[in-house]
> 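What follows is a structure written as structure tokens; I'll ask about it next.
Below, all heavy atoms of this structure are taken into account, side chains as well, without hydrogens, waters or symmetry copies. Per chain, numbering begins at 1; letters A, B, ... match sequence-line order. From a predicted model like this one, the values you see are computed outputs, not experimental measurements.
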2 protein chains.
Amino acid sequence: MNNVNSVAPDDMPHDIAPIENVPLRVQVADRLRTAILSGRLKPGTSLVETALADQMNVSRAPIREAIQILENDGLVETIAYKGKRVKPLTAREVGETYSLREVFEVMAVRRILDNGAPLDQLRKHCDTMTAAARADDFEALIAADEAFHHTLITLADHDLLRASWKNLYLRIHQIMALRNRDESNLTEIASNHPPIVDALEAGDTERAIALISEHTRTLATFDPVTIAQSL
Amino acid sequence: MNNVNSVAPDDMPHDIAPIENVPLRVQVADRLRTAILSGRLKPGTSLVETALADQMNVSRAPIREAIQILENDGLVETIAYKGKRVKPLTAREVGETYSLREVFEVMAVRRILDNGAPLDQLRKHCDTMTAAARADDFEALIAADEAFHHTLITLADHDLLRASWKNLYLRIHQIMALRNRDESNLTEIASNHPPIVDALEAGDTERAIALISEHTRTLATFDPVTIAQSL
DNA sequence: CACTTATGGATTGTCGACATTCCACAGAAC
DNA sequence: GTTCTGTGGAATGTCGACAATCCATAAGTG
């Protein structure tokens, strides 16, 4: 617990709000997940059960189960009898995350074209993004972007795909939180989406796939140094 | 515990062997997983913590954690304050499992063609399958088939893909265990694989993808009634 | 000085007991 | 007969304590 890399009390609120009917493990998991995805808990940070239990005023049992939930999410790893820590992010893993995401979204596009899902929601998210880009509102743009892709996946009407994508997107959240945001060109990101919807509307399979593919790959461009530093 | 659908003592060995250095939760999880994947624990069976703890002579804590591991594997679902049960298998879920697997394997084929991985292991597994088909040895054929696909995924050199595929394959194990095996044509399954390796060797992307795609889809043919009965 | 061997502290692993919640069933009221 | 209410049992949820394990550090030995 004297480790510099251990949980910093200031970054972690000290009490669990008395919400009813929600298991403590879920509340703890949600809080820890938020901390990890926001970048407050950096990769490599060790999660000590007793320390977390003291901080949050709960016993170790819910803490253990919460950490296990995060392990399932792929955000935490356990080393037996040694400790649990926020999973380090390697450049390779970042690349793999985005390439898998690309495959997922291409699959979604294929299915949407097959089952003729309505596209108006996607259009709406495009408009929101454009507006956010014009207002230079990074947070709003990111939110709209996620809404767009979430809708895309949902329209594919494939529960397993959606679950897998959601899990993958957790890591993307984390990566984005650790990235340097200054390099992002808001207008460019926003302008990437409408053509995708256009291609979907036109039923142009090849073009839709090529566009979503390229878009995902563009997002994957990252600064490995940034990631490495976050260890 | 008077439920007809609860854990049957005869199907579940009563004691955990005293293996050293392996956490009880892992041993319990492995045993339960095996039971589920083999079909001994059928979908819908409720998993009562206290009953399992008594049967295996351990406390409830490792049982809870083991069940949570299986939940992460997607084999078990929890209903708060009500119980945990082996996740029911719907026809839709079976279909989704195979369609996602198809996407994974296509991705693997693409990557193998890109990075020029050696194909001799795949050839070897093909030979094993052919031999098994000739000997009418179902178990050996299934094992070789899994080895083939596992190798295919591993050659793609993508950790996240392999992890996702492995998780998905758990469900395929379960499905196969619940299926009626008589309908399978051993020779046909075995003969499907060599052409895939041929296409890979020839560097024919389109043909390789088409073949692996069709192969996966063939495997997806199942009898919904069989699945439904298993509830 | 190099190398092995204890030993103590920190952390996870496991346990049994108690608290909380839900569900099914019985009984009362209409 | 139907509906509401409450009560008991069964299951999960949470807790605090103890056991097992590992690692770092220090003591001992050649």
> Start at the 5' end of DNA chain D and walk down; is the nucleotide closest to A:Ala80 or to A:Glu65 reached first?
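The answer here is A:Glu65.
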
> Using whole Å, what does the distance between atom P of nucleotide D:dG13 and atom CD of B:Glu71 come to?
9 Å

> Report the distance from atom CE of B:Met56 to atom P of C:dC15, rounded to the nearest whole Å.
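That distance rounds to 13 Å.
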
> To the nearest Å, how far apart are A:Leu24 CG and C:dT21 C1'?
14 Å

> What integer distance in Å separates B:Ile63:CD1 from C:dG13:P?
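Taking atom P of C:dG13 as the reference, CD1 of B:Ile63 is at 16 Å.
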
> Any idea which of D:dT14, D:dG13, C:dG13 is nearest the B:Glu49 side chain?
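For the B:Glu49 side chain, the nearest candidate turns out to be D:dG13.
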
> How many whole angstroms separate atom CD of A:Gln68 from atom P of D:dG13?
13 Å

> Just the rounded figure in Å: distance from P of C:dT12 to OH of A:Tyr81.
12 Å

> Using the side-chain heavy atoms of B:Pro62, tell me which of these nucleotides is nearest: D:dC15, C:dG13, C:dT14.
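Nearest to the side chain of B:Pro62 among the choices is C:dT14.
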
> B:Ile79 CD1 to C:dT21 P: how many Å, rounded?
18 Å

> Considering only NZ, NE, NH1 and NH2 on the basic side and carboxylate oxygens on the acidic side, decide whether A:Lys87 and A:Asp73 come within less than 4.0 Å.
no

> Return yes when atom CD of B:Glu146 has more than 12 non-hydrogen atoms of other residues, nucleotides or ligands closer than 6.0 Å, and no otherwise.
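Yes, CD of B:Glu146 has more than 12 neighbouring heavy atoms, counting only those of other groups under 6.0 Å.
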
> Tell me whether B:Glu71 is salt-bridged to B:Lys84, with the criterion being a basic N under 4.0 Å from an acidic carboxylate O.
no

> Assess whether a salt bridge exists between A:Asp30 and A:Arg33, defined as any Lys/Arg side-chain N lying under 4.0 Å from an Asp/Glu carboxylate O.
yes

> Is the phosphate of C:dG13, meaning OP1 or OP2, less than 4.0 Å from a side-chain N or O of A:Lys84?
yes

> What nucleic acid atoms does A:Arg64 come within less than 4.0 Å of, heavy atoms only: base, sugar-phosphate, or nothing?
base

> Return the value, rounded to whole Å, for the distance between atom CZ of B:Arg85 and atom C1' of D:dA11.
15 Å

> If you check every side-chain atom of B:Thr50, which of C:dT12, C:dC15, D:dT12 has the closest atom?
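Out of C:dT12, C:dC15, D:dT12, the nucleotide with an atom closest to B:Thr50's side chain is D:dT12.
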
> Heavy atoms from C-beta onward define the side chain here; which of D:dG13, C:dC15, C:dT11 lies closest to that of A:Val48?
C:dT11

> Establish, with yes or no, whether the OP1 or OP2 oxygen of C:dG16 is under 4.0 angstrom from a side-chain nitrogen or oxygen of B:Arg60.
no

> With a 4.0 Å cut-off on N to O distance, would you call B:Asp159 and B:Arg162 a salt bridge?
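Salt bridge between B:Asp159 and B:Arg162, a charged N being under 4.0 Å from a carboxylate O: yes.
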
